[in-house]
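Notes follow once the structure below has been shown.
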Amino acid sequence: MSDTTAGRTPEGTAGPAEPPPGSPYEAIRAIPVRHYGRWIAAVVVVAALALLAYGFSQGKIIWGTVGDKLFDHTVMTGVWHTVLISVCAMAMGLVLGVLFAVMRLSKNPVTGAVSWLYIWFFRGTPVYVQLLMWFNLSLIFHTINLGPIYKNDTVAVMTPFVAALLGLGLNEGAYMAEIVRAGIQSVDEGQTEASHALGMTGAQTMRRIVLPQAMRVIIPPTGNEFINMLKTSSLVSVVQYSELLRATSDIGISSNAIMEMYFVASLWYLVLTSVFSVGQYYLERRYARGSLRSLPLTPWQKVRANLTTLRRPKVA
Amino acid sequence: MSTHDMAKPDTAEPVAGGVEPMVRAENVHKSFGAAHILKGIDLEVAPREVCCLIGPSGSGKSTFLRCINHLEQINAGRLWVDGDLVGYRQRGDRLHELRDREVAAKRRDIGMVFQRFNLFPHMTAIENVMEGPVQVKREAKAAARERAAALLERVGLADKAGSYPSQLSGGQQQRVAIARALAMEPKLMLFDEPTSALDPELVGDVLDVMRGLAEDGMTMIVVTHEMGFAREVGDSLVFMDDGVVVESGHPRQVLGDPQHERTRTFLSKVL
């Protein structure tokens with residue numbers, strides 16, 4: 001509200017500092033501090049952005065190609081493959097992560113050491129190198145022979161998808177093992193004792209009591225891992241798997257629109273990471289049950305709450 | 001109760017001479033590394049008896065309680081609950097450790113209530129109470145829910161069934177924890193300083209629930225600093241200090257006319 005009206009009709013305005021009736025004090029109406037620095041910074045940043053936009057407008061970019069190819073069949077297949085390999089590798093990473101975290105925490109020194117070795121190797125070497133090794137496995141093992149159970153040529157087994165899944169999944173398992181271990185260790189020991197005192201076995205305690213509580217600690221970094229995975233999956237183009245990056249760059253090379261197709265790829269990566277960020281938000285909310293007195297509103301609930309407050313004056 | 005050389009004239013009506021004690025400890029020792037916590041505990045608790053354990057902190061009361069349901073493993077001596085050795089099976093003169101599954105099965109009959117409640121924070125009050133019957137006894141969910149609701153009513157929290165522990169006060173959490181232990185229909189209840197973490201005005205509600213349990217004939221071992229409760233509800237009182245039972249007997253006798261200097265010193269500080 002402006003100072004002119006404020007002085008004249010103090011009772012009519014709904015100022016935030018309305019003095020309670022009968023109060024001997026007047027609400028403070030001071031001249032606010034002028035933040036000149038903020039204005040200068042805003043102008044500089046906007047100018048820099050304008051220059052950047054101008055630069056792009058002058059570049060030799062055929063924007064039409066970006067629009068044309070955005071929903072191209074090959075690109076869409078690439079998007080689907082990126083999602084598929086990311087979800088599969090993440091699922092594999094989760095299972096391996098829980099397994100190796102439990103092994104690491106177990107009282108058995110052998111499983112503990114094996115888990116340590118696994119994490120040491122797969123976290124200590126680049127995932128790019130691991131992918132190449134899986135893809136070229138046939139150079140050292142011509143056949144995969146699991147005795148009476150299974151036997152086949154390595155080349156036939158190690159398809160691009162399998163190589164990509166093993167490379168990404170095993171690497172992810174090492175990171176997830178550390179995340180899960182931290183989550184399990186964050187659960188208070190009293191929880192295990194209370195569960196044991198009820199007569200629950202170690203496995204029941206882990207499944208019913210410890211892991212659900214560990215999830216609250218596990219989920220935020222796992223969400224980050226998944227978003228990383230969506231982007232890291234671009235590396236599997238090296239094993240000939242036709243995911244988003246490979247699909248778009250192939251088109252780019254054949255149609256001489258290399259940068260345009262990278263823009264297409266970037267747009268899709270942004271879409272995917274945004275969608276899964278929203279999913280992560282709801283998942284975190286689900287596992288916050290019991291740890292907060294009341295759950296925060298979802299964005300949708302906030303919108304609805306705002307709508308009802310907008311409508312309320314009409315009703316009243 | 002009583003150390004076993006003592007007669008027990010004033011323990012509630014039932015137990016005549018030959019009744020098997022619910023808990024029997026003989027020369028129980030427990031060490032954590034170099035720290036010798038329990039230095040030969042002898043104790044008997046009869047069925048339907050309420051036995052209160054008192055003593056300064058660090059005297060081994062809680063450790064002894066945790067040995068009874070094998071949350072801690074004893075290093076020497078023998079401990080029986082309802083006639084069965086705790087944590088071991090005796091074949092000839094050799095002891096065999098019980099498997100985890102067997103230990104878990106034994107614990108079903110022993111309820112435990114902790115100083116820090118230890119409710120499961122990701123479950124509502126009623127889910128906390130149902131967890132044992134459904135997961136351990138494989139009870140049908142509907143039946144378990146009905147019984148859990150009745151138990152919550154018994155501890156005065158019928159209207160809090162859907163609340164999460166974080167939404168309850170300390171006293172309410174502790175009463176849910178008691179209901180959770182009772183849901184397993186235990187033969188014996190262990191209370192580890194159940195009111196020590198509570199605001200003073202919430203202690204009464206929890207003690208009332210425990211008093212009700214005692215009146216219903218539950219066998220209880222209570223580590224406590226509530227001398228009033230020990231005097232009114234307890235059938236026996238055990239004073240522990242530095243890992244040994246210094247003195248035991250009827251609460252009014254121990255509290256009113258302590259025989260040992262250490263008991264007198266302790267009581268003069270807390271009464």
Side-chain angles (χ1 to χ4, degrees), chain A residues 98 102-103 105-112 179-180 182-220 222 282-298, chain B residues 62 65-66 68-72 99-125 127-138 162-168 173 176-177 180-186 188-192 197:
Chain A
V98 173
V102 171
M103 278 170 66
L105 292 171
S106 96
K107 286 180 192 141
N108 186 335
V110 176
T111 60
I179 291 172
V180 172
I184 289 174
Q185 286 178 330
S186 77
V187 178
D188 183 53
E189 243 183 304
Q191 293 291 308
T192 313
E193 286 182 359
S195 164
H196 282 161
L198 279 179
M200 293 170 89
T201 60
Q204 279 176 323
T205 301
M206 183 56 74
R207 188 169 55 81
R208 296 283 310 171
I209 307 301
V210 176
L211 279 182
Q213 294 183 61
M215 287 308 269
R216 206 161 47 81
V217 175
I218 292 172
I219 287 205
T222 304
Y282 280 93
L283 206 60
E284 280 178 28
R285 202 171 168 280
R286 164 82 163 66
Y287 280 98
R289 276 181 323 172
S291 64
L292 303 169
R293 272 162 210 227
S294 60
L295 288 175
L297 293 178
T298 64
Chain B
S62 292
L65 202 67
R66 293 157 57 83
I68 296 174
N69 68 351
H70 210 239
L71 284 180
E72 306 290 355
R99 300 189 162 279
D100 283 352
R101 188 167 292 278
E102 296 168 311
V103 172
K106 293 273 163 82
R107 287 192 183 122
R108 293 178 190 190
D109 296 333
I110 308 174
M112 185 156 193
V113 174
F114 299 85
Q115 181 178 358
R116 312 258 1 143
F117 329 136
N118 293 347
L119 288 181
F120 306 133
H122 57 303
M123 300 179 186
T124 60
E127 286 168 348
N128 265 279
V129 181
M130 291 163 62
E131 185 67 9
V134 171
Q135 295 299 322
V136 178
K137 289 188 163 175
R138 299 285 164 206
S163 302
Y164 285 98
S166 62
Q167 296 164 324
L168 301 175
Q173 289 189 52
V176 173
R180 177 176 69 178
L182 290 177
M184 294 300 289
E185 298 174 319
L188 167 68
M189 285 282 284
L190 308 175
F191 291 86
D192 188 2

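Every chain is numbered from 1 and lettered A, B, ... according to where its sequence line falls, protein lines coming before strand lines. Everything quoted here is computed from the prediction, not taken from an experiment.
Contacts of Arg180(B) with chain A are made by both backbone and side-chain atoms, with heavy-atom separations under 4.5 Å. When heavy atoms are compared at a cutoff of 4.5 Å, Leu119(B) approaches chain A solely by way of its backbone atoms N, CA, C and O. Using a 4.5 Å cut-off between heavy atoms, Gln204(A) contacts chain B through its side chain alone, with no backbone atom that close. Heavy atoms of Phe114(B) lying under 4.5 Å from chain A belong exclusively to its side chain. Heavy atoms of Asp100(B) lying under 4.5 Å from chain A are absent altogether. Contacts between Leu71(B) and chain A at a heavy-atom distance below 4.5 Å involve the side chain alone, from C-beta outward.
The shortest side-chain heavy-atom distance between Pro212(A) and Met123(B) does not fall under the 4.5 Å cut-off. Met215(A) places none of its side-chain heavy atoms less than 4.5 Å from the side chain of His122(B). A 4.5 Å side-chain heavy-atom check between Met112(B) and His196(A) finds every atom pair outside the cut-off.
In this structure, Asn118(B) contributes its side chain and Gly190(A) its backbone to a donor-acceptor pair below 3.5 Å.
In this structure, CG on Leu198(A) lies 10.5 Å from NZ on Lys137(B), to the nearest 0.5 angstrom. Rounded to the nearest 0.5 Å, atoms CE (Met200(A)) and CE (Met184(B)) are 9.5 Å apart. Here the CD atom belonging to Glu131(B) is positioned 4.5 Å from the CD1 atom belonging to Ile209(A), to the nearest 0.5 angstrom. A distance of 13.0 Å separates CD of Glu193(A) from CZ of Arg116(B), quoted to the nearest 0.5 Å.
The candidate with the highest count of non-hydrogen atom pairs below 4.5 Å against chain B, out of Gly202(A), Ala203(A), Ser195(A), is Ser195(A).
More than 12 non-hydrogen atoms from other residues, nucleotides or ligands lie less than 6.0 angstrom from CZ of Arg207(A).
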